[in-house]
Each structure stands twice: as structure tokens, then as C-alpha cells.
Colleague: 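First the structure, then my questions, so here it is.
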Amino acid sequence: MEKRTTVGSFLVLCACVLLFTGCGGKKSSSIKDLSSDYRDVNSFADDSSADEGFGEAAFSEKLKKKIAEALKPVYFEYDSYRLTSDAIRQLGNVVRLLQEEKKLRIIILGHCDERGSSEYNIGLGELRAMVIREYLATYGIKNIRIETMSFGREMPAQRSCHSEKCHALNRRGEFKVIAK
Amino acid sequence: MNRVSLLLILSLSVVSLVRAEKFDLDVYAGKFDSIPIGVVDFVSTNEKVLNGPVLPWDVIAGDLDFCSKFTVVKSKTYDSAAFLSQSAGIYIDGDYTLNGTTVVLQCYLRDVLSKELIIGKKYKGDIKQMRRMSHRYANEIVEMLFGDRGFFESRIVYVKAKNDKKAIALMDFDGYNSVVLTKNNVINIFPAFADSANILWTSYLKGRPDLYRGSIYDGNYIPFVSSKGTESSPDVSPIDGTIAYASSKKGNLDIYTCNPDASNVKQLTVHYGVDTSPSWSPNGYQMAFTSDRSGNPQIYIMDADGANQRRITFEGKYADSPAWSPKGDKIAYMAMDERGKFDIWTISPDGTNAVKITQLSGSNEYPTWSPDGVLIAFVNNAGNYGDLYVVKPDGTRLRRVTKTGDVKMPDWSDF
């Protein structure tokens with residue numbers, strides 16, 4: 001039985017070879033050498049130094065304190081970029097700061113809670129930052145002094161939230177002073 | 001090799017051997033939803049014996065089981081009774097020769113009753129590549145029996161997430177050989193294959209979310225599209241490489257397309273609100289996307305030039321991450337239930353036949369199709385942990401692929 005199988009296999013292989021040489025006229029190699037078929041995957045070089053960031057400029061201690069008190073986050077309702085009355089109250093502090101310190105430039109960072117999708121939330125965070133900028137513009141703060149950016153749901157202030165109170169702390173617009 | 005030549009070989013062998021009956025693969029394959037197949041442990045041709053961790057016959061058996069087209073019956077040695085008791089009419093055996101770091105694999109697909117050879121292949125390579133050599137043979141088996149390509153040399157690019165750190169990583173379709181591609185300390189999200197050797201993704205490398213393009217073999221990457229806003233969610237047309245993505249360069253996210261070299265930028269949606277997550281149809285004529293123009297995010301489709309925008313999902317209040325199937329007949333997406341958890345759904349492009357696929361507890365997110373369109377991979381999130389699973393669109397053959405707990409936003413490559 002074993003011998004017959006071997007003979008059988010041999011004959012089938014012969015048939016294969018016949019078929020290939022017969023049809024293609026191409027020399028068929030019985031062994032496929034895969035040694036050069038696979039290339040190693042290479043990681044991208046670390047280029048983190050390219051991160052320009054939005055660091056704090058060199059201000060006096062007094063001004064730093066004033067900035068820190070005025071630039072507190074503004075919070076939003078679920079899946080919304082409408083400014084609440086609490087948010088508008090807080091934005092009053094931002095307006096005053098920017099009216100008094102006419103050389104300050106800021107960036108507004110829009111954030112979302114961790115419940116939705118990353119794709120949609122990066123767009124929602126953008127709208128939250130924009131609506132804050134538009135509000136500031138109504139008080140004469142020029143757009144050139146304000147940049148916007150979205151982190152979507154990628155940088156929560158609170159992680160692994162299980163309560164609405166916790167989620168609410170993540171739906172925010174943050175402010176940072178642009179260094180240069 | 002196609003089925004015709006296979007049958008020819010079979011006929012030839014029958015003639016040569018004057019066997020009583022021809023083994024008809026077509027008839028055999030047609031009898032089952034998933035083809036029963038035996039897999040026997042390979043034997044060494046010399047005194048050097050493989051002790052793992054990679055055993056080619058286990059890799060081949062695992063592949064055939066994974067792709068959902070087979071029911072695998074494993075056996076240490078040839079056991080016709082065991083095979084036939086589970087209706088397996090064909091089986092795989094083979095041998096290997098170890099010589100230093102080189103391995104030669106001989107793999108055979110045979111008829112259980114006669115042990116007659118159906119297709120044999122012989123591969124040589126470095127022992128480190130033994131998984132891939134085994135995948136190669138499993139691909140041969142699929143191609144032989146189904147006429148379709150096997151996806152066992154495909155990869156999945158994904159976000160490897162730990163707390164706020166999010167890196168782009170690559171793994172084989174089965175979760176093996178994971179490599180972190182981005183070694184920076186910023187957020188990297190929305191990875192997508194541009195082709196088999198290049199990926200696109202969104203990185204905050206320069207502070208803002210811009211699109212980058214990198215070669216997975218050279219380790220080089222370049223800024224691809226950037227603006228004062230966000231660039232996100234790239235998806236590449238399978239027909240001509242045109243890249244669709246979302247950009248907020250005019251204030252809010254809209255969908256744009258550009259050529260593979262980032263030239264010829266066109267704006268497809270013009271709408272105040274969020275338009276994002278483009279996913280090309282396999283023929284390149286249309287794309288699915290997400291828009292909140294109705295008040296909350298829902299799935300829409302439009303032509304490749306932005307014409308004929310129309311909504312296709314109406315159930316629920318939150319749908320995103322559409323993924324158009326390679327066969328074109330379905331769009332997979334994730335939709336949120338009243339508890340705030342996502343599940344994977346499929347829907348026909350005309351908006352009919354919305355079906356929920358996933359039953360797993362936790363949130364089921366980010367569908368991506370296997371290259372052959374037979375499986376949907378997705379991430380199951382339980383707490384902070386995300387792992388990759390695959391499932392057939394009918395909800396069967398659910399399989400957990402990773403156990404690392406750090407997988408988000410997978411994108412499955414082409415074959």
C-alpha cells in the first residue's frame with residue numbers, strides 16, 4: 001500500500017512536470033526558494049524633536065498667574081458644540097484677559113469624551129474650538145490671535161469614565177498660550 | 001494553477017494508475033459550506049526535529065480554520081477513520097528538512113481514501129520565515145479549491161494604544177509578528193494602507209493632526225497633507241490609488257480627494273458640520289462616509305466626485321466608520337445603542353438590509369474587511385482594553401485574534 005502510494009505520487013508529479021513543460025515551455029523548478037521573498041519591516045525613525053508644541057512663553061510670574069486664572073477650560077454638553085451659559089460665563093474671563101493683554105496669542109484645543117468614534121469626535125472637537133473662537137471674535141478679539149486644534153477623544157482629562165459627571169469633564173475647550 | 005489544470009492532472013493520474021474512481025474536487029467542495037480537511041503533523045527527513053514555537057502544519061491548519069472556508073481535522077499521523085468520521089475527504093501532510101538556519105518544506109494535499117497527491121509544493125527559506133512559508137502553502141490550497149486568492153500573507157495596520165500613547169503598528173492577519181512603526185511620543189491614529197508597502201496615517205508630530213505617508217520596509221516617512229486644521233481618516237481607492245480623507249482646512253471637517261502624490265486636491269462635501277470617514281467602493285465610483293448634517297452622525301454615500309450625496313442609515317442616533325466590502329454588496333459600520341456601546345452592522349449600499357452582526361459584550365468598533373470579503377475584523381473594547389476579532393457577516397465563525405488588549409482602528413491590507 002505504502003509503496004503504491006509513493007509510486008502514485010511520483011506519477012502525479014511526473015504528470016505535473018509534463019503538464020507545465022508541455023504548456024508553458026518554461027523550465028519548472030521543483031523548489032520555490034522564498035529566501036529573498038520577504039523583506040523585514042522597519043520602524044520609522046523617531047522624529048519627536050520636530051514637535052513644535054505650544055509651550056508657555058517667558059512671562060512674569062504675575063502675568064503667568066493671571067493667565068492661569070483666566071484660561072480655565074470651557075465645558076460642553078454631550079455631542080454638542082453649543083456654548084452653555086456656564087461656558088459663556090467662563091469665556092468672559094478669557095475675553096477680559098485677551099482685551100487687557102493685547103499681545104497674547106492663544107490656541108484653543110477642542111476635546112471630547114471617550115464615548116463616540118475617533119473620526120467623528122476629532123471633527124466635533126474642531127467645531128467646539130471654532131465656536132469658542134467665533135464667540136471671542138464677537139468681542140473684537142481678532143482671529144489672527146487665536147488658533148484652533150482638535151484632539152477629539154484622544155486626550156481625555158479623565159480616563160475610563162463610568163459616570164456622566166466624569167464624561168462631562170472631558171468635553172472641553174482648553175486654552176494655551178502660543179509661545180512665539 | 002487553476003481548477004481546470006488540477007482536474008487535468010487528476011485525470012492524467014487516474015489514467016496512469018488505472019484507479020477505479022476519480023476524486024472530483026469540485027463535487028467534493030460543493031458539498032460543504034466549509035470544506036472538511038485533515039491536517040497531519042509533518043515529519044522530519046533527518047534527525048533534526050522541530051520543537052516549535054512555529055510548526056508549519058499548525059500554521060497551515062490555523063490558516064485554513066481562520067479563513068472560515070474549512071473545518072480542520074487535526075491528527076498526529078494519517079488516520080483515515082478519524083478523517084472520514086468528520087467527512088474529511090482530503091488531507092494535508094508533508095515533511096521538512098532542517099539544515100542550519102535553512103528549512104525545506106514539502107507540503108502535500110491528498111485524497112484520504114487513495115492517498116493520491118492532489119497538489120504538492122516544495123519551499124526553501126530561512127527558518128525565521130517558516131510562518132510565511134506555511135502561509136504560502138495555505139494560500140495555494142485556497143486558490144486550488146476555490147479559485148480565489150488566500151489572504152494568509154496579508155497584514156493589519158492598527159493603532160497600538162496605551163493610555164494617551166498611540167502608535168501605529170503592523171501585524172500579520174493572525175496577530176503574529178507585531179511591529180511598532182512609529183517610535184515618536186505623540187498621538188498617531190487613523191492608519192490605512194496606501195499599497196502593500198506604504199501606509200497613510202494621522203500624526204500630531206508637528207503639533208497638529210496632519211497626514212503622513214510612510215514605507216514599512218524603508219522606514220522612511222514624509223508629511224503628506226497638512227493645514228492649519230485636521231487631516232484625518234484616509235482611505236485609498238482600490239482602482240487608481242486616489243486618496244479620500246477628511247480635512248478641516250476651511251474650518252469644519254469635509255471630505256477631500258487627492259492623487260497618490262498628494263496633488264490635485266478636490267473638495268467633495270461642502271457642509272457646516274462634520275463630514276468624515278470616507279470608504280471607497282471596490283469599483284472606485286462611489287464612497288461611503290459619515291455626516292452629522294441630519295443632527296447626529298449617520299452613514300451616507302456619494303459618487304467619487306461628490307455628486308448624489310444620500311443618507312443610507314436611519315436606525316439609531318450614532319453611526320460611523322463605514323467600510324465598503326471588497327465584493328461591493330455590503331457596507332459594514334458601527335452604530336451606538338441606547339447604552340452608548342457600539343456594535344458592528346452591515347447594510348446594502350441602497351440602504352436596505354441593515355443587520356447587526358456582533359453580540360459580544362463591550363463595545364464593538366472599527367470594522368475592516370478581509371481582502372476576500374468573507375470576514376469582518378473589528379475591535380472589541382472591554383474597559384480600557386481593545387482586542388481584534390473576526391466574524392463572518394452572518395455572525396458565525398467569531399474568533400479572537402489578539403490578546404494584547406491594545407488594538408484600535410485596524411485596517412486590513414489587500415491580499
Side-chain angles (χ1 to χ4, degrees), chain A residues 1-2 4-5 7-16 18-20 23 29-48 50-54 79 107 115-127 130 147-152 154-156 159-160, chain B residues 5 8-9 12-13 16-17 115-117 120-126 129 132-133 136 163-164 166 170 179-187 189 205-209 214 216-219 221 228-230 232-233 246 248 251-253 274 276-277 290 296-297 318 320-321 334 340 383-384 409:
Chain A
M1 180 65 193
E2 198 56 44
R4 254 180 59 197
T5 311
V7 173
S9 305
F10 177 71
L11 285 172
V12 172
L13 278 172
C14 288
C16 288
L18 271 172
L19 190 80
F20 281 131
C23 293
S29 65
S30 58
I31 187 158
K32 171 87 175 144
D33 192 341
L34 301 179
S35 306
S36 55
D37 260 36
Y38 300 119
R39 288 196 283 164
D40 286 336
V41 170
N42 276 299
S43 299
F44 306 143
D46 181 7
D47 204 9
S48 297
D51 185 354
E52 290 160 7
F54 303 100
D79 194 13
I107 182 161
R115 284 179 294 184
S117 63
S118 288
E119 297 100 313
Y120 176 71
N121 274 323
I122 207 164
L124 180 60
E126 193 99 44
L127 292 174
M130 275 174 51
E147 295 187 13
T148 58
M149 186 169 102
S150 176
F151 277 105
E154 312 305 326
M155 289 270 272
R159 236 173 258 128
S160 324
Chain B
S5 54
L8 197 52
I9 291 164
L12 278 170
S13 68
S16 320
L17 299 168
K115 290 189 168 181
E116 219 170 74
L117 181 67
K121 287 279 169 178
K122 191 171 178 184
Y123 303 112
K124 180 180 163 195
D126 191 288
Q129 303 290 1
R132 300 179 123 186
M133 296 164 71
R136 181 72 65 98
N163 299 332
D164 286 342
K166 294 183 172 77
L170 196 64
V179 179
V180 177
L181 292 174
T182 56
K183 300 280 190 177
N184 57 47
N185 282 308
V186 298
I187 294 170
I189 45 180
L205 205 51
K206 297 247 156 104
R208 291 181 178 283
I216 62 174
Y217 297 120
D218 302 344
Y221 66 95
K228 280 279 182 189
T230 294
S232 63
S233 311
S248 66
N252 55 297
L253 278 187
V274 178
T276 186
S277 312
T290 302
N296 49 50
Y318 201 126
D320 199 353
S321 304
M334 64 193 212
N384 272 342
M409 301 181 209

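Since this is a predicted model, take the numbers as computed values, not measurements. Chain letters run A, B, ... following the sequence lines, proteins first, then strands; residues in each count from 1.
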Colleague: Counting only heavy atoms closer than 4.5 Å, note whether B/S232 contacts chain A via side chain, backbone, both or neither.
Modeller: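 Contact with chain A: side chain only.
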
Colleague: Do the non-hydrogen side-chain atoms of B/Y221 and B/L205 ever get within less than 4.5 Å of each other?
Modeller: yes

Colleague: Hey, what do you get for CZ (A/F151) to CD1 (A/I122), rounding to the nearest 0.5 Å?
Modeller: 9.0 Å

Colleague: Which answer fits A/R159, side chain, backbone, both or neither, if we ask what part of it has an atom under 4.5 Å from a heavy atom of chain B?
Modeller: side chain

Colleague: Using heavy-atom distances under 4.5 Å, tell me whether A/D79 contacts chain B through its side chain, its backbone, both, or neither.
Modeller: side chain

Colleague: Give the member of B/Q129, B/R132, B/K166, B/M133 that has the highest number of heavy-atom pairs under 4.5 Å with chain A.
Modeller: B/R132

Colleague: For A/D37, give me all partners under salt bridge (charged side-chain N to carboxylate O under 4.0 Å, His left out), at least two apart in sequence or on another chain.
Modeller: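 Checked A/D37 against salt bridge (charged side-chain N to carboxylate O under 4.0 Å, His left out); matches are B/R136.
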
Colleague: A/M130 versus chain B, heavy atoms under 4.5 Å apart: side chain, backbone, both or neither?
Modeller: side chain

Colleague: Any donor-acceptor pair under 3.5 Å linking the side chain of A/S150 with the backbone of A/G152?
Modeller: yes

Colleague: Which region of B/Y217, side chain (C-beta onward) or backbone (N, CA, C, O), has a non-hydrogen atom less than 4.5 Å from a non-hydrogen atom of chain A, or is it both or neither?
Modeller: both

Colleague: Distance from A/F44 atom CZ to B/T182 atom OG1, nearest 0.5 Å?
Modeller: 7.5 Å

Colleague: Begin with the C-alpha distance, continue with both residues' side-chain angles, and end with the deciding distance and a verdict on side-chain hydrogen bond (donor to acceptor under 3.5 Å, both in side chains) for A/E126 and B/S248.
Modeller: CA-CA 8 Å; A/E126 193 99 44; B/S248 66; 2.9 Å; yes

Colleague: Name the option with the most non-hydrogen atom pairs under 4.5 Å to chain A; the candidates are B/L170, B/N296, B/I189, B/T290.
Modeller: B/I189

Colleague: Using a cut-off of under 4.5 Å on heavy-atom pairs, state which of B/G229, B/G251, B/G340 scores highest against chain A.
Modeller: B/G251

Colleague: Specify which of B/N252, B/V179, B/T230, B/L253 makes the most heavy-atom pairs with chain A at under 4.5 Å.
Modeller: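 Top count of heavy-atom pairs under 4.5 Å with chain A: B/T230.
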
Colleague: With chain B, which of A/S35, A/G123, A/S118 has the greatest number of heavy-atom pairs at distances under 4.5 Å?
Modeller: A/S118

Colleague: With chain A, which of B/D126, B/I187, B/D218 has the greatest number of heavy-atom pairs at distances under 4.5 Å?
Modeller: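 Winner by heavy-atom pair count: B/I187.
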
Colleague: Which one wins on heavy-atom pair count under 4.5 Å against chain B: A/S160, A/G116, A/S36?
Modeller: A/G116

Colleague: Under 3.5 Å, side chain of A/S43 to main-chain N/O of B/V180, donor-acceptor pair present?
Modeller: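 The answer is yes, because a donor-acceptor pair under 3.5 Å joins these two groups.
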
Colleague: Do side-chain atoms of B/D320 reach the backbone of A/S117 as a donor and acceptor pair under 3.5 angstrom?
Modeller: no

